[in-house]
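First up is the structure itself, then whatever we jot down about it.
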Amino acid sequence: MATHDTPAADERPDRDDDPAADPRADYDYVGGGVADAELVGDLRDRIDGEVRFDSYSRQLYATDASAYEVTPIGVVLPASTADVAAVVEYCADREIPVLPRGGGTSLAGQAVNEAVVLDFTTHMGELVEVDPDDRRARMQAGAVLAELNDELAPHGLKFAPDPAAGNRSTVGGAIGNNSTGAHSLKYGKTDAYVESCEVVLADGTVTTFGEVSLDELRARADPAAEDLQARIYAEVARIVDEEAEAVRDVYPQLKRNVSGYNLDRLIAEAEDGSVNLARLLAGSEGTLGIVTEATVSLEPVPETKAVALLTYPDLLDAMADVDDIVRDHDPAAVEAIDDVLLDLARDTEEFADVVGMLPSGTETALLVEFYAEDDAHGREQVADLLDDRVGDRAFDALEAHDADERAQLWKLRKSGMPILLSRTSDAKHISFIEDTAVPTENLADYVAEFQRVLEDNDTFASFYAHAGPGCMHMRPLVDTKSPAGVNQMESISDAVTDLVVEYGGSVSGEHGDGRARTQWNRKLYGDHVWGVFRDLKTAFDPDWLLNPGQVCGDVDMTENLRFDPDYEFEAGFDPALDWANENGFQGMAELCHGCGGCRGEQETTGGVMCPTYRAADEESLSTRGRANMLRQAMSGDLDQDSTDTEFVAEVMDLCIGCKGCKRDCPSEVDMAKLKAEVEHAHHEEHGADLRERLFSEVDRLNAVGSALAPLSNWAEKLPGARTLLEKTVGIARERELPTFHRESFVDWFEARGGPRVSAADAVRKVALFPDAYTNYNHPEAGKAAVRVLEAAGVRVRIPADVTSTGRPAHSKGFLDKSRERAAQNVDALAPKVEDGWEVVLVEPSDAVMLQSDYLDLLGETTDAERVARNTYGVLEYLDRFDLTDAVAFDAPDESVTYHGHCHQKATKKDHHAAAVLDAAGYEVDPLDSGCCGMAGSFGYEAEHYSMSRAIGEILFEQVEASDGDVVVAPGASCRTQLGDRDGDAPEPPHPIEKVADAAGR
């Protein structure tokens, strides 16, 4: 809605295929009032990038992955280093703070501030050049680590540091945070790989920092010069010459220390006669200068790996074993999994089997990974480890050598965190002391003392992650909405910092200082070195305008909390759906913790989430963006209500309801369900337009279209018909309406005489629900389902007294309509289920409607729950009960590319179709694909057509790259989108049709 002093799509820098560039698009990713129109105008005149000071953008960048929230002055999306320099120079002249930001994945709050935020991820994320012979690469600061490594993979090289958020965090962020990851035992931190950086200094000067001899450093130093760079050189030279001993005395001897400024590396390098000033920026969190490009060294990708999982009866036994493992066996990684995570994983369907593999009595496990020259070398390293450690503190072990086995054990290591982060209570597992690090010889004693601190503060935490370098992760359960919880948070931090100092450790071994830990650096390093930090900061940034307050500043860890005792939440409406989670609708609206998992690209991250973000690279279109803005609207931070027309159009309407976040988000934020509530409330307050009402009743319109066929099919083919539909109803002229069949699926079934498998011969009984699309638009899929089920010995009936599943109305936020239809269908189906019939549907979104959404509409009543528990998609049904074993397939000489439906993926049922196709004899390529972008009516809507196509293009590329002879997709929307991908592409068949073909049915 380009109604504010913010550039419309056609006024912004060129972006390839930006969906908002379509003149019909009614969104521009911004909204609300503009903070400072004069400042906006001045900045726009100076740069080619985008300037966004609207309230939506400011709120989007008010949070990162930490517990903090600070509304920025505004947001700039620079297009070049020149843009960055222009913004910094302008802001320096007016004493306006500036904050550089990458993916916003910071866990300590260093990526939020009352400043002009520079987001490098939109326009400055290119890999500039690669020199594989010299193992170096140059890239812009906004380059995402996983995408960078994807481009380096053909050279057999990688950027070595591997933070967990690597599929959305950036090179600039890795430098700013001095990031590392699970394999820091081999690779160390980012600073080891930084060769040089293009940097914008605090006055807007652009320079390049790299290696410089001490002689040159001193020659260029002048503490009294007008030139900022000369003053920087002078302070660095002074630290090297005068503070070396002080630095050596207080810095911990650790692989994992990113607290304070990187002075220990500076002093160590100076011993060889030169220093690299680019590496001094590592860990500075944007407080010394702004990196716009970096040249980094690369590492070869390991030939292969091997994994052992050592099991222990107690956490402290495992901790006591770490030092010997690291010293004697040279592993690439040693990762801990404690009893809290194991218990959480054991109670989930996804991870229960993996936990079940562990020997009885396992309370803690250490995952030990080796890099190996070949499989034999890997097996040898694992055997040496097991011979040495099993029977001592470790009582048993598992080992894994092929990729799938290794992935399974790593999956176990990562299993518990999503569950930890899925609490919808006021108390949450907060990141504020989660990455302290100590020497491994002190690890067991430190963890024991840490546990006592938690007990003294009446809370608990899980202990997990990077045991090898002594950097365990711990997130205590704390309620910061209460004064007692805020005090508890600071009390724990204070006591743990004392422990860190006692045991020779660091308050941050990975995630930086930021707002959570800056205040503890003075206790860690002492007053003198704290003063050195502040002198260095002043030399680089005389007015303290670059990300002020961090590293050596004055931020307080209990200020600017996202949830504090003054926080209030008011939805503005009564939720219409059943919310079984703790705190209900509010708990879900507050659930997003900001990790940015929804910002990963398809080729590096896979999965479904978040298709609109992948299409447009806009923060507001990510699940994180929507969740934050929804919460902010309901807590009063945003200057609009969540039901306002602009908010619904810009934020909620562009969520396509794919449900991918319900599965792929680490916290399982259910944005599709939140959207349904907001749109329902919007309809209640503002009413609904004609097209919304029509699409909510499309099931009934289909019945009319079928009755009038073939006239209904000819109507849209009349000259000008589609243009008229777009102008009058808003249906995109590019889309063909579905074809209507005069003989519906139900008519066909009745005409053939009903069931053909007798009750006596049947192995199972199925009520095949006639969803509207299968019934009126694509009856061939229903016929194929009947034939295959009957070939498997299943007695099939079409249930009477059922109506539409309610999916169309539900997807458009007409919850009263969908509830009415849900109630009618449950009343009709529950007695049949009680009598031993199972409910099967051909259309995936309709199947999930009965399996999941009915419980939201009706609550977990006995009848609704019984129907949900006994409802299946047709391919899920065939696979779950091994019914293909009874079918005589004539193995086809054909391969298929399988694209699963996003709703089935969200409910973890999409794998069944590939299994059935395989059983039928097809060679199957199951795509790790996202939503097709059609999303029911979304892709038909003129203003959303370009977004729908942009999402579809991601899928089309995957289909084109597949070797399958034919693409299949169970979703009607998916088949429509795939059929529209080019002029010659036929609409793909439903997988059940291919199964029927192989069965000769």
Side-chain angles (χ1 to χ4, degrees), residues 1-3 8-10 17-29 31 611-612 615-616 621 643-658 675-676 678-702 704-705 712-713 715-740 772-773 777 807-814 817-818 845 931-952 972-973 976-977 979-980:
M1 293 190 155
T3 59
D10 59 354
D17 303 320
D18 180 4
D22 187 329
R24 297 170 294 181
D26 64 347
Y27 51 88
D28 56 10
Y29 317 122
T612 46
L621 302 189
T643 56
D644 284 355
T645 298
E646 181 182 35
F647 186 90
V648 170
E650 284 282 357
V651 180
M652 304 312 294
D653 272 0
L654 291 171
C655 167
I656 59 177
C658 68
K675 174 189 176 178
V678 171
E679 292 204 324
H680 177 73
H682 178 74
H683 294 326
E684 293 288 296
E685 183 176 350
H686 301 283
D689 63 28
L690 173 62
R691 190 186 64 189
E692 288 176 314
R693 293 195 297 271
L694 286 174
F695 277 140
S696 74
E697 301 279 3
V698 72
D699 39 11
R700 295 180 177 177
L701 292 176
N702 282 355
V704 174
S712 50
N713 297 322
E716 72 148 343
K717 294 179 171 57
L718 295 173
R722 289 195 206 168
T723 300
L724 181 63
L725 271 177
E726 179 169 307
K727 289 182 177 179
T728 57
V729 186
I731 295 175
R733 59 185 179 272
E734 294 89 347
R735 296 291 190 189
E736 290 187 22
L737 295 179
T739 300
F740 300 104
Y773 189 85
N777 304 112
R807 168 60 70 198
H810 200 75
S811 296
K812 300 304 293 182
F814 292 89
K817 288 183 183 179
S818 59
S845 62
C931 181
C932 71
M934 197 68 186
S937 64
F938 182 88
Y940 284 102
E941 295 161 358
E943 71 274 21
H944 295 147
Y945 174 77
S946 57
M947 180 66 74
S948 171
R949 287 290 299 188
I951 297 169
S973 292
T976 298
Q977 181 81 300
D980 285 350

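Nothing here was measured: the structure is a model prediction, and the numbers come from that model.
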Checklist outcome for this item: OH (Tyr945) and CZ (Arg735) are apart, to the nearest 0.5 Å, by 5.5 Å

Checklist entry - Would you say Leu725 and Lys727 make side-chain contact, with heavy atoms under 4.5 Å? => result no

Item to check | N-O pairing of Glu736 and Lys717 below 4.0 Å | outcome: no

Checklist entry - Between atom CG of Asn777 and atom CG of Asn702, what is the distance when rounded to the nearest 0.5 Å? => result 4.0 Å

Next on the checklist: Do Leu621 and Tyr27 make a side-chain contact, defined as non-hydrogen atoms from C-beta onward lying under 4.5 Å apart?
Outcome noted: no

Next on the checklist: Using modelled atom types and a 3.5 Å cut-off, is there a donor and acceptor pairing between side-chain atoms of Ser948 and backbone atoms of His944?
Outcome noted: no

Item to check | Heavy-atom closest contact (Ser937 atom, Lys812 atom, distance) | outcome: OG-CD, 3.5 Å

Checklist entry - How many angstroms lie between atom CZ of Phe695 and atom CD1 of Ile731, to the nearest 0.5 angstrom? => result 4.0 Å

Checklist entry - Do Tyr940 and Pro738 touch side chain to side chain, with heavy atoms closer than 4.5 Å? => result yes

Checklist entry - Looking at CZ of Arg691 and CD of Glu941, how far apart are the two atoms once the value is rounded to the nearest 0.5 Å? => result 4.0 Å

Next on the checklist: Quick one, Leu718 with Leu724, criterion side-chain contact (heavy atoms from CB on, under 4.5 Å). Give me CA distance, side-chain angles, the key distance, then yes/no.
Outcome noted: CA-CA 10 Å; Leu718 295 173; Leu724 181 63; over 6 Å; no

Checklist entry - Is the backbone of Ala20 close enough, under 3.5 Å, to the side chain of Asp18 for a donor and an acceptor to pair up by distance? => result yes

Item to check | Residues Arg24, Glu726: salt bridge by 4.0 Å N-O rule | outcome: yes

Item to check | Least distance between heavy atoms, Pro19 atom then Ala615 atom | outcome: CD-O, 4.1 Å

Next on the checklist: Within this structure, what is the CG-CE distance for the pair Asp22 and Met947, rounded to the nearest 0.5 Å?
Outcome noted: 10.5 Å

Item to check | Non-hydrogen atoms of Met934 and Gln977 that approach each other most closely | outcome: N-NE2, 3.8 Å

Item to check | Backbone of Gly936 reached by a side-chain donor or acceptor of Ser973 within 3.5 Å | outcome: yes

Checklist entry - If you look at every heavy atom in Leu654 and Ala649, which pair is closest and at what distance? => result CG-O, 4.0 Å

Checklist entry - Does a side-chain heavy-atom distance below 4.5 Å link Arg949 with Asp17? => result no

Next on the checklist: Quick check against the 3.5 Å criterion: does Glu943 have a side-chain atom that pairs as donor or acceptor with the backbone of Asp26?
Outcome noted: no

Item to check | Side-chain (Asn713) to main-chain (Phe740) donor-acceptor, under 3.5 angstrom | outcome: yes

Next on the checklist: Walk me through whether His683 and Glu692 qualify under side-chain contact (heavy atoms from CB on, under 4.5 Å).
Outcome noted: CA-CA 10 Å; His683 294 326; Glu692 288 176 314; 3.5 Å; yes

Checklist outcome for this item: Rounded to the nearest 0.5 angstrom, the OG-CD distance for Ser811 and Glu679 is 9.5 Å

Item to check | Minimum heavy-atom distance His686-Asp644, with the two atoms named | outcome: NE2-CA, 4.4 Å

Next on the checklist: For Thr645 versus His682, what's the shortest heavy-atom pair and its separation?
Outcome noted: OG1-CE1, 3.4 Å

Next on the checklist: Can you confirm whether Ile656 sits close enough to Cys931 that some side-chain heavy atom of one is under 4.5 Å from a side-chain heavy atom of the other?
Outcome noted: yes

